[in-house]
Each structure stands twice: as structure tokens, then as C-alpha cells.
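Here the structure comes first, spelled out in C-alpha cells, and everything after it is commentary.
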Amino acid sequence: VQNGAQPVFRYDYLVALAGRPAWFRMTVEPLADAGVRVTHADVTLAKGAESSFGQLLESPMDALLVVDAHGHVQLANARAEAMFGYSRDELVGRGLERLLPERFRARHAGHRAGFFTSPRARPMGTGLELYALSRGGSEFPVEISLTPLTTEGGQVVVAAVRDVSERHHAERALRDAEQRLALHVRQTPLAVIEWRLTDGLITAWNPAAERIFGFRADEVVGLRRADLVMAEDDPQRRAILEGRGGGASARHTNRNRTKDGRVILCEWYTTVLIDEAGRATGGAALALDVTARQRAVEALLSAQDEERTRISRDLHDGVGQALTAIGLGLGAVLEADPSAQRAQLVGVKELVAKTLEDVRRISRDLRPALLDELGLEAAVTHLARELAERSGTEIDVLARLPQRLPRSAEAAVYRVVQEALTNVARHAHATHASVVLTASSDRLHLVVEDNGDGFVPAEPARAASVGLLGMRERLELLGGTL
């Protein structure tokens with residue numbers, strides 16, 4: 001060692017000490033000034049522990065440390081070397097506290113003394129998160145089990161240390177996933193409902209379920225059955241409630257009753273919950289209130305049907321009758337005296353011109369070319385002028401739009417103005433009407449007024465009710481209101 005040929009020399013020897021055998025370890029280490037240091041350490045306890053359970057020390061899973069009452073490591077296995085980064089020689093005879101983070105060392109001496117006062121096998125730090133310190137200074141979470149052992153040299157404790165870093169990472173990831181899922185469940189617009197198969201009682205009820213059906217979670221969870229809100233006449237519902245369906249998801253639409261007695265239309269996605277053994281344990285459902293969407297579809301279909309009816313009426317009453325008159329006029333011309341034919345042809349020509357104008361008007365009503373070419377402002381102004389000429393009602397238009405709107409928005413607003421002014425012309429007996437159309441950075445504001453008869457908004461005349469509903473639904477689809 002002194003010549004540098006060997007880095008360190010260790011030798012264990014047996015002596016008689018106070019009338020009983022004792023093991024010592026001599027260690028020779030080089031010094032910086034070319035000398036050597038020789039130390040002798042009592043390793044009797046370590047020898048006794050090694051002879052008692054030497055094979056057990058080489059556990060492939062846990063780091064095993066044999067520690068005496070003074071906190072000195074007497075024995076360490078290969079797993080301890082790998083876990084803490086120290087060689088076995090560097091661990092044996094040294095204090096255990098250097099394997100603990102600084103914040104735990106002061107308390108650990110008291111805990112160790114307490115254990116040796118009343119030694120028993122138990123886990124260390126029950127309910128606490130324990131951490132160890134490696135040679136490189138990094139901390140890692142551990143689980144420690146303590147087992148007292150009596151050897152020839154006295155009482156020692158065997159500490160089994162397990163690195164649980166991977167489990168901690170997995171548990172943290174699971175907690176994060178559960179928190180994200182809980183957040184999604186709380187914030188989703190879908191009602192989330194779960195129930196047990198044994199008794200059908202609801203076990204989960206999110207805020208959206210409360211908004212849709214009106215029941216608070218404390219009114220239903222553990223107290224009410226899932227069929228409280230699920231449709232009675234739905235065979236899929238019954239299969240899900242009874243745990244049939246093999247875990248497959250089902251989608252269906254049903255009418256459901258809310259807490260206040262309203263009937264709403266909901267779109268359901270239901271499934272059976274299966275455990276690891278493949279047994280059905282519960283049911284789960286997502287529900288979306290589609291009442292407003294369904295009414296919007298029905299209103300648009302009604303508006304389309306009314307529009308088709310109006311076009312059919314215009315074609316029949318205007319163009320159809322005009323073409324019939326043209327045919328009759330041409331027949332009369334053929335049979336008339338040549339001297340009277342010119343006057344009759346002039347009348348037929350005028351009728352053809354009027355019919356052509358009717359066809360153009362119907363075409364403009366379907367989709368005015370001005371709307372695509374010049375925009376909403378020009379199309380509304382032209383519409384008001386035409387209606388004023390046909391109905392005799394004076395119509396003023398004030399439109400201030402800073403820019404073109406999206407095509408779908410312009411078409412919807414044009415239809416609303418068209419329907420409103422048509423209602424004025426047909427039902428109001430008004431002499432004056434006005435249209436005011438303005439826009440801010442994110443909203444468009446439309447006002448249609450007239451000096452006619454008016455109506456009670458809650459009870460509109462039947463002829464205008466479908467038109468009003470169509471206007472409302474067109475605007476709601478754009479995020480607007482009537």
C-alpha cells in the first residue's frame with residue numbers, strides 16, 4: 001500500500017476479548033504524505049449476521065443493510081451497493097445517516113433509539129413518504145421494512161430498502177390522469193351518469209347532469225335509480241340497466257322527463273362497465289340535450305316547406321295564370337280578324353313582359369344576385385324598394401356595415417329581413433316601416449319596425465308563427481337572438 005502497488009488492504013482476524021471471541025477488521029490506507037493509516041474496527045456483529053443469514057442478504061429485489069444500535073452499518077448486500085452507489089467496504093463500519101437526506105438525519109437518531117428500545121418487525125415511517133440519498137447526491141423514494149435480529153454479538157436490525165421510484169412515477173401519472181378526467185367530467189356539456197348493477201343506484205352525477213335534468217348530485221347519488229331519467233320504453237336502456245350488452249356501447253335518442261316535469265329530447269351513449277374478471281359491475285351513460293337542436297331542425301324544415309309553398313303559390317297564381325292567359329290570347333289572335341290582331345298581340349306582349357318580371361322576382365326571392373355581388377346592405381335596400389312598390393308601404397332602410405359578412409351570415413340575415421318585411425306587408429296594414437342594420441366589432445344589430453296593427457309576441461297570429469319561429473332558429477344557429 002505504501003509503495004502504491006495496492007490501493008487498500010483489509011484483513012479480518014479473531015481475538016479473545018473479555019473472555020469471548022471477537023472479530024476485528026484491519027484496514028490499511030495510503031495517506032497524502034506517503035505514509036499509511038491503519039485502523040482496526042470491531043465487526044463481530046456483522047460476522048454474526050453474515051453467518052446467520054448470508055444467503056438472504058443477496059435478495060435480488062431489496063437493498064439489505066444490517067445496522068447496530070449505534071447506527072453503524074455492519075453488513076450490506078450487492079443490491080445496496082447498486083442502489084446507493086457505495087461499495088460494500090465503503091458502507092460497512094460507517095454511519096447509516098449519510099444514506100439519508102440532510103433534513104431527516106437529526107430525527108432519525110431518535111427513531112433508531114426508540115426501535116432498539118422495543119424492537120419488532122414493522123414497516124418504517126407508516127403513512128409517510130420516505131427518501132434515501134445516493135452517493136451522487138440524488139434523492140429517491142423508498143419503502144423500508146425493519147426486522148430485529150439477535151446475533152452472538154448483540155442486537156441488530158435488518159433494514160430492507162426498496163426503490164419505489166417507478167411506482168411513484170406511475171402513481172403520479174395516474175393521479176394526474178384522474179385529475180384531468182375529473183376536470184373533463186365537471187366541465188363537459190354532456191351529462192355523465194354511472195350506476196351499480198346490483199341495485200341500479202346512481203354512483204356518479206356530474207354538473208351537466210344537474211343542468212340538464214334538474215336534480216342535484218346529493219339528491220340522486222346513492223339514493224335514486226338510473227331509470228329516474230332514462231326513457232321507460234327504451235329496450236337498450238333496460239339491457240344496459242340489467243348489465244346485458246357485453247360492454248358494447250349503444251347510441252340512441254329518447255324523450256326524458258326533468259325534475260320540473262319538462263319533456264326534453266336527449267341523445268344517449270350507454271355502455272356496461274366490466275371489471276378485470278370480465279364481470280359486468282355497472283353501467284355508464286353520456287347524455288346530451290338535443291331539444292334545441294331538434295327544434296331548430298324542425299323549424300328550418302317548416303320554414304323551407306313554407307318557402308316552397310309560397311313559391312308554388314307564386315308560380316300558380318302569378319306565372320301559371322299569366323301563361324294561361326297568354327295561351328288564350330294567342331288562340332284569340334289566330335281566330336281574330338287580321339285588322340284586330342295587332343292590338344291583341346300588343347296585349348299578349350305586355351302579359352309576357354309581366355310574366356318574365358314575375359319569374360325574375362321569384363328567382364331573386366330564392367337567392368338574390370345582389371347579395372352575392374354587392375353584399376347584404378345593397379340586397380336589403382333593393383328588397384325594401386321592391387316590397388314598397390308592390391305593397392304600397394313606405395319602407396326606409398338605414399344600413400351601416402363596415403365590411404362584408406360571411407356568406408352564411410348574410411344569407412340568414414337577409415332571410416330574416418325578408419320574412420319580417422313580408423309579414424308587415426301581409427298582416428300589419430302599415431303605411432310605414434323601417435329597417436335599421438348596424439354592426440360593431442363582434443355583433444350585428446337588426447331592427448324592423450312598422451306603424452301597423454302589431455301583435456302580442458307571446459301569441460302571434462298563426463299565419464306568422466312559423467315565419468317567426470324560422471327567423472328565431474336562423475339567428476340561433478348563428479349564435480344570435482330574436
Side-chain angles (χ1 to χ4, degrees), residues 6-14 21-29 39-101 104-105 108-109 111-113 115-116 119-126 128-169:
Q6 186 170 329
V8 66
F9 174 76
R10 290 185 180 89
Y11 179 72
D12 293 350
Y13 58 92
L14 182 64
W23 281 95
F24 279 82
R25 175 170 297 163
M26 179 182 69
T27 303
V28 182
E29 299 172 291
T39 59
H40 298 261
D42 186 347
V43 293
T44 306
L45 288 177
K47 287 291 186 178
E50 188 173 10
S51 63
S52 299
F53 57 104
Q55 292 183 346
L56 182 62
L57 281 175
E58 301 310 321
S59 165
M61 290 292 295
D62 300 329
L64 295 182
L65 299 172
V66 178
V67 183
D68 63 19
H70 301 291
H72 294 133
V73 176
Q74 298 296 319
L75 207 61
N77 69 348
R79 179 62 180 151
E81 292 181 293
M83 182 179 295
F84 294 103
Y86 294 99
S87 69
R88 204 169 307 199
D89 291 335
E90 291 173 312
L91 290 170
V92 173
R94 304 295 178 89
L96 179 68
E97 275 68 21
R98 69 170 172 166
L99 304 180
L100 304 178
F104 297 135
R105 293 176 183 175
H108 183 261
H111 293 321
R112 184 183 69 249
F115 178 84
F116 278 97
R120 59 184 177 85
R122 62 176 176 83
M124 179 178 174
T126 303
L128 302 176
E129 287 193 351
L130 303 179
Y131 287 88
L133 184 69
S134 70
R135 182 171 192 163
S138 61
E139 294 185 13
F140 54 95
V142 293
E143 284 183 351
I144 302 176
S145 297
L146 304 177
T147 304
L149 182 69
T150 302
T151 69
E152 294 179 358
Q155 186 80 49
V156 295
V157 59
V158 181
V161 185
R162 178 167 295 184
D163 185 346
V164 293
S165 299
E166 291 186 3
R167 193 177 75 194
H168 269 224
H169 292 325

Rounded to the nearest 0.5 angstrom, the CG-CZ distance for Leu146 and Phe115 is 5.0 Å
Margin query: With heavy-atom distances below 4.5 Å as the criterion, would you say the side chains of Leu133 and Leu99 are in contact?
Written below: no
Value for CG (Asn77) from CG (Leu65), rounded to nearest 0.5 Å, stands at 7.0 Å
Looking at Arg112 and Glu97, does any basic side-chain N land under 4.0 Å from a carboxylate oxygen? yes
Q: Please check if the distance between the ring centroids of Phe140 and His168 is under 6.0 Å.
A: no
When you check the gap from the basic side-chain N to the acidic O, do Glu81 and Arg88 get nearer than 4.0 Å?
yes
Is Glu166 atom CD crowded by more than 12 heavy atoms from other residues, nucleotides or ligands, each under 6.0 Å away?
no
All heavy atoms of Gln155 vs all of Pro148, minimum pair found to be NE2-CB, 3.5 Å
Does Tyr86 have Arg94 sitting over its ring (NZ/CZ under 6.0 Å from centre, angle to axis within 45°)? no
One should read off an interatomic distance between Arg122 CZ and Ile144 CD1, to the nearest 0.5 angstrom, of 10.5 Å
Does Ala63 offer a backbone N or O that forms a donor-acceptor pair with the side chain of Asp163 under 3.5 Å?
no
For Val8 and Val28 the tightest heavy-atom approach is CG2-O, 3.2 Å
Correct closest heavy-atom pair for Asp42 and Gln74 would be O-OE1, 4.1 Å
Heavy-atom nearest pair, Leu14 first then Ala22, reads CD1-O, 3.3 Å
- prompt: Without hydrogens or angle criteria, can the side chains of Ser87 and Asp89 be said to hold a donor-acceptor pair below 3.5 Å?
  reply: no
In this structure, OH of Tyr11 is separated from CE of Met26 (nearest 0.5 Å) by 8.0 Å
One should read off an interatomic distance between Arg10 CZ and Thr39 OG1, to the nearest 0.5 angstrom, of 8.5 Å
message: Looking at His40, I want to see if its NE2 is surrounded by more than 12 non-hydrogen atoms of other residues, nucleotides or ligands under 6.0 Å.
response: yes
Rounded to the nearest 0.5 angstrom, the CG-CE distance for Asp62 and Met83 is 7.0 Å
| Is there a side-chain contact between Phe84 and Ser134, using heavy atoms and a 4.5 Å cut-off? | no
Residues Val92 and Arg25: closest non-hydrogen pair is CG1-NH1, 3.6 Å
Residue pair Glu90, Arg135: steps toward the side-chain contact (heavy atoms from CB on, under 4.5 Å) verdict: CA-CA 11 Å; Glu90 291 173 312; Arg135 182 171 192 163; 2.7 Å; yes
Here the pair of heavy atoms bringing His108 nearest to Leu96 is CE1-CD2, 3.6 Å
